[in-house]
Peer 1: 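One structure follows; several queries about it will come next.
All values reported here derive from a predicted model rather than from experimental measurement.
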Amino acid sequence: MDGLAVAAAAANCRCSRVVYVGNIPFHATEKEVRDACELIGPVLSFRLAADAATGKRKGYAFVEYADDATARSACRNLHGHPLRGRDLRVGLADRASIRRRRHGDHDPIGMDDAIHAASLVDSAARPAVIASMARHLAGLSRHQLREAAAEFEKHGPDTCEILKKHIPGLDTAMEMVQRLLEMAAADDAAEEAKRKKRASGCLNAEESDQHAKLRKMEDGGKVPAGVACS
């Protein structure tokens with residue numbers, strides 16, 4: 001992938017302008033959902049998720065807006081919007097939802113994430129420079145990125161600013177590193193939230209099962225073996 005191709009891919013990276021719209025009523029029409037999304041701004045693409053075999057809707061959609069600002073506006077203003085008796089849930093679609101991929105802490109972050117990071121950086125650097133940075137960062141792991149950022153920050157904020165001013169491209173490179181670390185932190189936070197939700201669901205199910213057994217014993221007037229009556 002040459003410099004122009006990487007720069008073009010970064011400019012056209014869709015991840016940050018795609019939103020997830022959930023809690024969609026199953027009886028709402030596609031037009032109703034799309035019309036609600038278009039209250040925020042023009043919709044470039046719209047995909048209402050459905051089961052491939054049965055065609056049954058899954059209750060969520062992915063909506064692409066023209067730019068990041070409109071997508072963020074949708075998260076603020078469309079979240080909680082009432083539609084057919086339900087409040088829509090809206091947030092930026094994470095990259096795992098779009099590409100179904102994750103990396104370990106010591107695995108290369110890959111070109112997709114590097115391109116996405118480049119798309120978030122406001123830089124006047126030439127496409128060839130951005131391409132070179134993206135290719136280099138794509139081969140590094142999260143662990144290596146953290147080490148690089150920590151090593152750079154050891155010089156102190158004043159020295160860091162001087163280095164950025166006198167070393168061409170350093171400011172862009174470090175901003176891309178920071179964006180990649182933010183993306184990694186967001187992925188980790190989302191994974192932790194899912195883990196807690198699953199754990200909470202299992203705990204609630206176990207508690208409900210225990211309560212049901214206790215009620216059954218109380219209704220039947222039976223006391224489990226080994227438990228003395230008061």
Peer 1: Walk me through whether T70 and D67 qualify under side-chain contact (heavy atoms from CB on, under 4.5 Å).
Peer 2: CA-CA 6 Å; T70 308; D67 50 47; 2.7 Å; yes
Peer 1: For a 4.5 angstrom cut-off between non-hydrogen side-chain atoms, does V19 reach Y65?
Peer 2: yes
Peer 1: Does this structure show an ion pair linking R179 with E175, if we count only N-O contacts that are shorter than 4.0 Å?
Peer 2: yes
Peer 1: I'd like to check F62 versus L48 (side-chain heavy atoms, cut-off strictly below 4.5 Å). Are they in contact?
Peer 2: no
Peer 1: Answer yes or no: is there a donor N or O on one side and an acceptor on the other, between the side chain of H79 and the main chain of C75, under 3.5 Å?
Peer 2: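 No.
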Peer 1: Check whether any side-chain heavy atom of R146 sits under 4.5 Å from a side-chain heavy atom of L181, and report yes or no.
Peer 2: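 Yes, close enough: below the 4.5 Å cut-off.
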Peer 1: Side chains of F46 and E30: does their closest heavy-atom pair fall under 4.5 Å?
Peer 2: yes
Peer 1: Between D107 and R142, is there a side-chain N and carboxylate O pair less than 4.0 Å apart?
Peer 2: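 Looking at R142 together with D107, the answer is no, because their closest N to O distance does not fall below 4.0 Å.
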Peer 1: Is it the case that one hydrophobic cluster holds both I167 and M174, taking links as side-chain heavy atoms less than 4.5 Å apart, direct or via other members?
Peer 2: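 Yes, same cluster.
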Peer 1: Main chain of H155, side chain of T159: is a donor-acceptor contact present, judged purely on distance under 3.5 Å?
Peer 2: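 The answer is yes, because a donor-acceptor pair under 3.5 Å joins these two groups.
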Peer 1: Flag the pair E38 and R34 as a salt bridge only when some basic side-chain nitrogen lies within less than 4.0 angstrom of an acidic carboxylate oxygen.
Peer 2: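 So E38 pairs with R34 through a salt bridge.
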Peer 1: Look at the side chain of R86 and the backbone N and O of F26, then say whether any donor-acceptor pair between them is shorter than 3.5 Å.
Peer 2: no
Peer 1: Within this structure, what is the OG-CD1 distance for the pair S141 and I109, rounded to the nearest 0.5 Å?
Peer 2: 9.5 Å
Peer 1: Return yes if some donor-acceptor pair links the side-chain N/O of E153 with the main-chain N/O of A150 below 3.5 Å, else return no.
Peer 2: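 No: the side chain of E153 does not pair with the backbone of A150.
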Peer 1: Crowded around H136 NE2? As in, over 12 foreign heavy atoms under 6.0 Å?
Peer 2: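 Check fails, neighbour count at 12 or below.
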Peer 1: Taking NE2 in H27 as the centre, count heavy atoms belonging to other residues, nucleotides or ligands within less than 6.0 Å. Is the count above 12?
Peer 2: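 Yes - once you tally the heavy atoms of other residues, nucleotides and ligands closer than 6.0 Å, there are more than 12.
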Peer 1: Identify the heavy atoms of L78 and A36 that sit nearest to each other, and give their distance.
Peer 2: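 What the structure gives for the nearest pair is CD1-O, 3.5 Å.
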Peer 1: Quick one: closest heavy-atom pair of V177 and L145, and the distance?
Peer 2: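 In terms of heavy atoms, the two residues are closest at CG1-O, 3.9 Å.
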Peer 1: Of all heavy-atom pairs between A28 and E32, which one has the smallest distance, and what is that distance?
Peer 2: CA-OE1, 3.3 Å
Peer 1: Atom SG of C37 and atom CD1 of I24: how far apart are they, to the nearest 0.5 Å?
Peer 2: 7.0 Å
Peer 1: Any side-chain heavy-atom pair from V33 and L83 closer than 4.5 angstrom?
Peer 2: yes
Peer 1: If you take all heavy atoms of A114 and A134, which pair is closest and at what distance?
Peer 2: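 That would be CB-O, 3.4 Å.
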Peer 1: For R89, is there any backbone N or O sitting under 3.5 Å from a side-chain donor or acceptor partner on Y60?
Peer 2: no
Peer 1: Stepwise, does the side-chain contact (heavy atoms from CB on, under 4.5 Å) test hold for N77 with I40?
Peer 2: CA-CA 8 Å; N77 301 307; I40 305 301; 3.8 Å; yes
Peer 1: Could you grab the distance from atom CG of L170 to atom CZ of F152, nearest 0.5 Å is fine?
Peer 2: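 Rounded to the nearest 0.5 Å, the CG-CZ separation comes out at 4.5 Å.
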Peer 1: Got K165 and D171 here, is their nearest side-chain heavy-atom distance under 4.5 Å?
Peer 2: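 In short, these two side chains do not touch, never coming nearer than 4.5 Å.
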Peer 1: Measuring only between side-chain heavy atoms, which start at C-beta, is L140 closer than 4.5 Å to P108?
Peer 2: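 They are not in contact (no side-chain heavy atoms under 4.5 Å apart), so the answer is no.
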